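Keep in mind that what you see is a predicted model, and the values were worked out from it rather than measured. All ligand and atom numbering here is 1-based and tracks the order in the structure.
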Amino acid sequence: MTPILETRGLSKSFGGFFAAADVNLAIEPGIRQALIGPNGAGKTTLVNLLTGTLPASAGTVFLHGQDITRLPPQARVRLGLSRTFQINQLFPDLTPLQAVVLAINEREGRSHRFWRAVDAGREVVHEAMNRLHEFGLDTVARERTADLPYGRQRLLELVLALAARPRVLLLDEPAAGIPSGESGEILDAIGRLPRDVTILLIEHDMDLVFRFAERITVLVNGRVLVEGAPDAIARDPEVRAVYLGEEAHV
Ligand SMILES: Nc1ncnc2c1ncn2[C@@H]1O[C@H](COP(=O)(O)OP(=O)(O)OP(=O)(O)O)[C@@H](O)[C@H]1O
Ligand SMILES: [Mg+2]
């Protein structure tokens with residue numbers, strides 16, 4: 001099967017230090033894949049290379065077979081590659097409804113109407129409310145985003161990323177900073193997303209990773225140590241030694 005997202009020899013050097021080194025990924029359409037590795041392994045760097053937030057030092061990124069290595073982030077979003085928004089920085093004073101309406105308008109090429117978002121057409125509002133409802137956010141749709149509990153804000157990030165109708169969704173620790181009870185709720189919501197969205201998830205909580213992932217890539221020192229099915233990863237002696245060794249429950 002042709003991978004929906006693929007990298008070949010992808011590298012990023014910060015003044016000679018390789019945060020990503022010769023990374024080869026091949027992510028199958030529809031799969032729930034996890035990217036794990038110790039702090040500083042290069043996971044966020046890799047996501048930044050995939051989204052175009054950082055320029056690659058070497059290597060190639062393909063999105064459904066198309067070389068997107070030199071495309072700017074917004075062009076990649078239009079081709080179906082999304083990540084979670086940093087909502088806390090972007091839209092604290094808007095309501096979730098306004099923010100999702102903006103994201104839908106952006107998808108439809110109407111982002112120039114930023115300040116007219118409140119006048120958005122009924123259809124757009126309808127879609128936005130449906131999307132909020134899917135994540136239990138319809139009840140807070142008209143509250144100020146900054147006043148929402150942090151867990152709700154992280155769910156809103158997901159709704160915003162999904163409003164772009166992505167084919168591939170990159171989630172960098174979507175449950176970070178959330179009490180463990182609620183983080184399971186977020187991961188379950190991600191797990192319920194339709195199969196036409198391929199997901200690459202970065203997560204440190206191994207219980208959540210093993211509950212969610214069908215495929216796991218382990219990154220260490222900017223390099224892929226191993227990639228495989230969760231049971232194979234859990235048994236892999238190198239993985240246990242280098243990364244998971246101290247995790248008693250794996
Ligand atoms: N802009 C930058 N300039 C210099 N070094 C950087 C830069 N961004 C990241 N690094 C370094 O690259 C390495 C990988 O960082 P990265 O944030 O990708 O790791 P990570 O796997 O996401 O870690 P964590 O699990 O803590 O989020 C780290 O050593 C980091 O200090
Ligand atoms: Mg990171």
Has Arg223 got more than 12 heavy atoms of other residues, nucleotides or ligands less than 6.0 Å from its CZ?
no
Evaluate Gly40 for polar contact with ligand 1, using N/O atom pairs at a separation under 3.5 Å.
yes
The closest protein heavy-atom partner of atom 18 (O) of ligand 1 is Thr45 OG1, 2.6 Å
Near Asn39, which atoms of ligand 1 are under 4.0 Å from a heavy atom of that residue?
23 (O), 24 (P), 25 (O), 26 (O)
Looking at Arg76 and Leu71, would you say the former's side chain and the latter's main chain have a donor-acceptor pair under 3.5 Å?
yes
If the cut-off is 4.0 Å to any non-hydrogen atom of Gly42, which atoms of ligand 1 fall inside it?
14 (C), 16 (P), 18 (O), 19 (O), 20 (P), 21 (O)
Note, Leu102 side chain near Phe91 side chain (heavy atom, < 4.5 Å):
yes
Can you report which non-hydrogen protein atom sits closest to atom 5 (N) of ligand 1, along with the distance?
Phe14 CD1, 3.4 Å
dist Leu193:CG -> Asp188:CG (nearest 0.5 Å) comes out at 11.0 Å
of all protein heavy atoms, closest to atom 27 (O) of ligand 1 is Glu173 OE2, 3.6 Å
For the backbone of Leu94 and the side chain of Thr145, can you confirm whether one donor and one acceptor N or O come within less than 3.5 Å of each other?
yes
Residue, atom name and distance, where the atom is the protein heavy atom closest to atom 17 (O) of ligand 1:
Thr44 CB, 3.8 Å
In this structure, does ligand 1 have an atom that sits under 4.0 Å from one of the heavy atoms of His204?
yes
Closest non-hydrogen atom pair, Thr198 against Gly30
OG1-N, 2.7 Å
Atoms of ligand 1 close to Phe17 [distance to a heavy atom under 4.0 angstrom, numbered from 1]:
11 (C), 12 (O), 13 (C), 29 (O)
Of all heavy-atom pairs linking Lys43 and Ile36, the shortest is CD-C, 3.7 Å
Using a strict cut-off of less than 4.0 Å between a Lys/Arg side-chain nitrogen and an Asp/Glu carboxylate oxygen, indicate whether Arg131 and Glu134 qualify as a salt bridge.
no
Does the Asp236 side chain pair with the main chain of Glu238, one donor and one acceptor, at a distance under 3.5 Å?
yes
Nearest protein heavy-atom contact for atom 12 (O) of ligand 1: which residue, which atom, what distance?
Ala19 CB, 3.3 Å
Strictly under 2.8 Å, is any N, O or S atom of Thr45 next to the Mg ion (ligand 2)?
no
Is atom 31 (O) of ligand 1 close to the protein, meaning a heavy atom under 4.0 Å from it?
no
Would you confirm whether any non-hydrogen atom of the protein falls under 4.0 Å from atom 14 (C) of ligand 1?
yes
